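Working notes, beginning with the structure itself.
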Amino acid sequence: MNKRIYLDHSATTYTKPEVLEEMLPVFNEYFGNPSSIYSYGREAKRLVDKARDRVAKALNALPEEIFFTAGGSEADNWALRGVAYANKERGNHIITSKIEHHAILHTCQQLEKEGFKVTYLPVDKYGMVSLEDLKNSITDETILISIMYANNEIGTIQPIDEIGKIAKESKIYFHTDAVQAVGNIKIDVKEQNIDLLSLSAHKFYGPKGVGALYIKKGTRITNLITGGGQERGRRAGTENVPGIVGLGKAIELATENIDSYNEKLLKLRTKLINGIMERIPYTLVNGHPEKRLPGNANFCFKYIEGESLLLNLDMKGIAASSGSACTSGSLDPSHVLLAIGLPHEIAHGSLRLTLGEENTEEDIDYVLEVLPEIVQRLRDMSPLYEKVKGGNQ
Amino acid sequence: MNKRIYLDHSATTYTKPEVLEEMLPVFNEYFGNPSSIYSYGREAKRLVDKARDRVAKALNALPEEIFFTAGGSEADNWALRGVAYANKERGNHIITSKIEHHAILHTCQQLEKEGFKVTYLPVDKYGMVSLEDLKNSITDETILISIMYANNEIGTIQPIDEIGKIAKESKIYFHTDAVQAVGNIKIDVKEQNIDLLSLSAHKFYGPKGVGALYIKKGTRITNLITGGGQERGRRAGTENVPGIVGLGKAIELATENIDSYNEKLLKLRTKLINGIMERIPYTLVNGHPEKRLPGNANFCFKYIEGESLLLNLDMKGIAASSGSACTSGSLDPSHVLLAIGLPHEIAHGSLRLTLGEENTEEDIDYVLEVLPEIVQRLRDMSPLYEKVKGGNQ
Amino acid sequence: MYSEKVMEHFTTPRNVGEIKDADGIGEVGNAKCGDIMKIYLKIENDIIKDVKFKTFGCGAAIATSSIATELIKGKTVEEALKLTNKAVVEALDGLPPQKIHCSVLAEEAVKAAIEDYKKKHNK
Amino acid sequence: MYSEKVMEHFTTPRNVGEIKDADGIGEVGNAKCGDIMKIYLKIENDIIKDVKFKTFGCGAAIATSSIATELIKGKTVEEALKLTNKAVVEALDGLPPQKIHCSVLAEEAVKAAIEDYKKKHNK
Ligand SMILES: Cc1ncc(COP(=O)(O)O)c(C=O)c1O
Ligand SMILES: Cc1ncc(COP(=O)(O)O)c(C=O)c1O
C-alpha cells in the first residue's frame with residue numbers, strides 16, 4: 001500500500017517547487033546578513049524588501065506595515081502582548097472568542113494572570129460570533145478585539161468586515177489571526193479596517209518557521225523579541241532570509257491563483273461532503289454550511305473515536321486530523337467542537353479533512369471507498385453502537 | 001572585478017551543501033506537521049528528534065534539555081525573561097556584562113523598566129569580565145547571571161568554567177549567549193555548570209531563522225511564545241522542520257571538525273594580523289591576544305572611519321564589518337569598543353574580519369595587498385591625519 | 001508513537017465482539033472522556049473459557065483491550081484478577097505516557113467483568 | 001542603500017586636499033561622533049576660485065563633502081552661502097534617513113569656511 005493522500009492542508013502544506021526554487025540560491029549564494037552594508041548584505045536586503053512588497057500587495061497594506069516573524073504563533077503573541085502592554089494606561093480589557101487558536105487563547109490566559117480582563121465571546125452552532133455580543137461586551141476599558149478570520153478546525157469564516165467597522169467606530173484596535181485565511185480568502189486590510197493581522201507561510205505552500213504580522217501604521221505596540229535593529233527596530237534577530245523569500249513567493253502565488261484554487265477545492269469538497277453523508281449514517285457536518293474555508297470539511301461520526309479513525313486512515317495512506325482529545329493526550333476534546341455545542345462523546349468522533357492543491361477527484365473517490373468501511377469496522381467494535389443497532393437513536 | 005572574499009562569518013555564514021542537502025527533502029517530501037499522528041507527521045517528528053539528539057550531543061546535554069527557537073535573539077529573550085519572571089519571588093537581580101549582544105542588553109533594559117535590577121559588569125581592555133567583580137556583585141536577590149561565551153565583535157572568550165562554578169556555588173542560574181561560540185569552541189554544559197545556553201544555526205553554516213535554547217532539567221523558566229503544545233509545551237508554533245534539520249546537521253559537522261577548523265582559522269588569522277600590523281601604522285588590535293575566537297580579527301585604524309573603509313573594501317570584493325556608528329546609523333560607536341576603553345574617535349575606525357571555512361591564504365594575501373592602500377587613501381583624505389603627518393603622535 | 005505490538009493489536013484486535021450468554025460483563029470508562037471498554041466473559045469451572053470485548057476509544061484503548069483479553073483467556077478467575085495495568089503495558093512493549101490510562105482501564109474492565117460474574121454466581 | 005551618485009562621489013571624490021594659502025577654512029563635526037569636515041576656500045573678487053576638502057567620516061560624509069565643493073566652486077560667496085543641506089541631498093539623488101546629518105554638516109562646513117574668510121578679510 002503505497003498510496004499517500006494528504007488531506008491535512010490546514011495542519012501544514014508542502015513547499016511548492018516554485019517557492020523552493022526561489023529560496024535555494026539564498027542559502028549559499030545570496031546568503032549575506034541583510035544588516036550588512038557590503039554587496040552580499042545589500043542583495044539579501046533587496047530580497048527581504050521584495051518579499052515585504054509581495055506580502056503588502058497581497059493584503060493591500062504598505063510594505064512598511066509588514067513585519068516578518070517566525071510564524072503564526074509568534075505573530076499572535078506579539079499582537080496580543082504588544083498591544084496590551086503598549087495601551088495599558090488606556091484600558092485593560094481584551095475581547096476575543098472561544099474558538100481561537102491556542103496561540104491566542106493561551107496568551108490571553110497569560111495576560112489575565114497579569115491583570116488584564118478578557119472576554120471570550122461564545123459562538124453559535126456554526127461557529128459564528130455574534131456582532132450583538134461583541135458590541136455588548138465593549139467597555140471603556142476595551143483596548144483590543146482579536147477575532148480569528150477563519151477557524152482552523154471547522155473552517156468557519158467570521159464576519160470580519162462588520163467586526164472591523166465596530167472596532168473602528170469604537171476606536172479599538174482590531175487584530176485578526178488570519179493564519180488559515182491567507183491564501184484562501186481575499187483580504188484587504190484597509191477596506192476591512194484591520195489593524196493587525198497574523199499569517200504563517202506553511203499554511204499556503206510556503207516554508208515552515210516564517211510568518212508575518214501586519215501592523216497598521218500608527219498602531220501602539222511594544223516589541224516582543226528585543227535586541228538588534230532588524231525589521232526597523234521592531235523585531236530583533238537576523239532575518240530568516242530564505243524563509244522570508246519563500247513566504248513572499250508563496251503569498252504571491254496564492255493570491256494570484258485564489259479564484260481558481262477556491263473553485264477547485266469547493267468542487268472537491270462538495271463531492272466529499274455529499275459522498276460521506278450519503279454513505280455513512282449517524283454523521284454530522286461541523287461548521288458553517290457556506291461561510292467556511294473552501295478546503296475544509298469537518299465531520300463527527302457518532303459512536304467512534306477520532307484517533308482510532310486517523311490511525312486506520314493512515315494505514316490506508318490517508319493523512320487527516322481530528323479534534324479528539326486522544327490525538328492531543330488530554331481528556332477534553334477540542335475546545336472548538338465543544339464551543340459549537342457538541343457533547344463530549346460526539347466531539348470525540350470528529351474528523352477534519354482539509355483539501356489542497358494536489359488533491360484530485362480520484363483522491364475523493366478513494367476516501368469515499370475506504371472511509372465507510374473503517375467507520376463501520378470501528379462502530380462494530382464500539383459498545384455505544386451496540387445500543388443503536390438495538391433500535392434506539 | 002568579480003573577486004568576492006567573504007570575511008564576515010561572525011555576521012552570518014552560508015549554508016553548507018551537506019546541510020542543505022539534508023534539508024531539501026523536508027520541504028516537500030517529509031513535510032508533515034510533527035504534531036500529527038499519521039506517517040507524514042511521524043516522519044517529521046523523527047527528523048526533529050534526530051536534530052535534537054545531535055544538538056544535545058554537541059553540548060553534552062540531554063535531548064530533552066534542547067528547545068528549538070527562531071534564532072539566537074529569541075533564545076536570549078526567552079532565557080532572560082523566562083528566568084526573571086519565573087523566579088521573581090526569589091529575587092529581582094540579574095548580572096550581565098557591558099559587552100553583551102543587544103539581544104541581551106536591550107532585553108535587560110526592558111526588564112529594568114519592569115522593576116528588575118541589572119548589574120552590567122565592566123570589562124578590562126581585552127574585553128574580559130573580572131571574577132572578583134562578578135563575586136562582589138552577587139546579592140541575596142541575584143537570580144540570574146548571563147555572560148556571553150565569546151564576544152561577537154572582538155572575539156574575547158570569557159572564563160565560562162569559573163563563572164559556572166561561582167554561579168553553582170551561589171545557587172544562581174547561569175545563562176550564556178554562546179551564539180558566537182557554538183561550532184568554534186568545545187562546549188560541555190554539564191562540566192561547565194551552564195544552566196541555559198543560546199545558539200543560532202546561521203553562525204556555523206546552518207540556515208538562518210533557527211536556533212536553540214538549552215535549558216538544564218529542573219530550571220524554573222516561563223514560556224516566551226505561548227500557544228500550541230510544541231517542544232513539550234515550552235515553545236509554541238509549528239516547528240521549522242527544515243531549519244531544525246539543518247541546525248542538527250550543521251552542529252554535528254561543526255563539532256566533528258572543530259579541531260582542524262580551529263587550526264586552519266588560527267593559522268590564517270595569525271598571518272592576517274601580523275601582515276596588517278607590519279603594513280599599516282597607527283593600528284590597534286582589539287580583543288584578547290589568546291583567549292579569542294579563532295576566526296576573529298578586530299582592528300582600529302586611527303584617523304579614519306569604519307563605514308568608508310567597508311565600502312572601499314566592498315568595492316574590492318571584500319565583505320567585512322565595523323563597530324563604527326555609521327554602519328548602524330547611530331552616533332556612538334559600538335558599545336563593546338567603548339567598554340574596552342577605546343576613545344570614540346578610535347572606535348569609529350574599527351574593522352572586524354572574521355574568517356571561515358572557505359577562506360584561503362590567497363584571500364589573506366589579497367587583503368594584505370588591498371587594505372593598506374585603502375587605509376592610506378582614506379587617511380590622506382582625513383583632516384585628523386594631517387596633524388599626525390605634521391609630526392605629533 | 002505506538003510500538004509495533006500496539007499497532008498490531010490495534011489493526012487486528014483479538015476477541016472483538018459480544019458473548020450473548022456471558023457469565024460476566026464489565027463496562028468501564030465513559031464516552032465523555034473518549035473511552036469505554038466492555039468485556040464479556042464465559043467461565044466454566046472457574047476458568048475463563050472465552051472472552052470478548054467492545055471498545056470505544058483511541059488506538060491504545062483498542063490495543064489494551066485486545067491484549068488484556070488474550071492475557072486472561074484460559075486463565076483461572078483468580079489468575080485473571082491479578083492482571084495489572086503494568087502487565088498490559090509490558091505485553092504491548094510499552095505505551096506513550098499519555099496513554100497509560102488506557103492500560104488502567106483495561107485492568108479495571110477485566111476486574112469489573114469478574115466482579116459481575118462473582119455477583120451473578122454468588123461467589 | 002546609497003544612490004549611484006553618492007557612490008560615485010564616494011569612490012572618486014572631487015576636490016580632495018588642502019589649499020596651503022587658503023582664504024578661508026571651515027572645520028565642523030567632531031571625531032567623537034565619527035565625522036569631521038574641513039573645507040578650504042581660495043577666493044578672488046568674491047568668487048570661489050578653488051575649494052578643497054578633507055573629511056573623516058562615512059561614505060555619505062565623503063560624498064556630501066565632495067558634492068558640496070562642486071556646488072560652490074565658481075560661485076560667488078553670497079551664492080555659496082545659500083547652499084542648503086537639501087540641495088546637497090538632491091544633488092546626490094537622495095541620502096538614507098540616518099545620513100541626512102552628513103548633508104547638514106556639509107552645509108555647515110561651507111558656511112564656516114566662508115565665515116572664516118569674512119572674518120579674516122573683515123567683511
Ligand atoms: C553574541 C550574539 N548573540 C545573539 C545574536 C543574535 O542571533 P540571531 O541574529 O540569530 O537572532 C548574535 C548574532 O547576531 C550574536 O552574535
Ligand atoms: C488559526 C491559527 N492560528 C495560529 C496558528 C499558529 O501558526 P504557527 O504554527 O505557524 O505558529 C495556526 C496553525 O497552527 C492556526 O491554524
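Predicted, not measured: the structure shown is a model, and the values here were computed from it. Keep in mind that the numbers below use all heavy atoms, side chains included, and drop hydrogens, waters and symmetry copies. Naming convention: chains lettered A, B, ... in sequence-line order (proteins, then strands); numbering from 1 in each chain.
Comment: A:K98 does not engage A:E100 in a salt bridge, judged by the lack of any side-chain N to carboxylate O separation of less than 4.0 angstrom. The residues C:K86 and C:E90 are annotated as salt-bridged, a charged nitrogen and a carboxylate oxygen being separated by less than 4.0 angstrom. Salt bridge present: C:E8 and C:R14 bring a charged side-chain N and a carboxylate O closer than 4.0 Å. Look at C:K38 and A:E386 and you find a salt bridge, because one of the NZ, NE, NH1 or NH2 atoms lies within 4.0 Å of a carboxylate O, short of that distance.
Remark: A:K125 NZ is loosely packed, at most 12 non-hydrogen atoms of other residues, nucleotides or ligands lying under 6.0 Å away.
Only the side chain of A:L384 comes within contact range of chain C, judged by heavy atoms closer than 4.5 Å. For A:D332, no part lies near chain C; criterion is any non-hydrogen pair under 4.5 Å. Contacts of C:I62 with chain A are made by side-chain atoms alone, with heavy-atom separations under 4.5 Å and no backbone atom involved. Only the side chain of C:M7 comes within less than 4.5 Å of a heavy atom of chain A; its backbone N, CA, C and O stay farther away. Of the two parts of A:R379, neither the backbone nor the side chain holds a non-hydrogen atom closer than 4.5 Å to a non-hydrogen atom of chain C.
For the set C:A61, C:G17, C:G57, the entry with the most heavy-atom pairs within less than 4.5 Å of chain A is C:G57. Interface remark: of the candidates C:V16, C:T11, C:T55, C:T55 forms the most heavy-atom pairs closer than 4.5 Å to chain A.
For A:F301 and A:Y282, the ring centers are positioned 6.0 Å apart or more.
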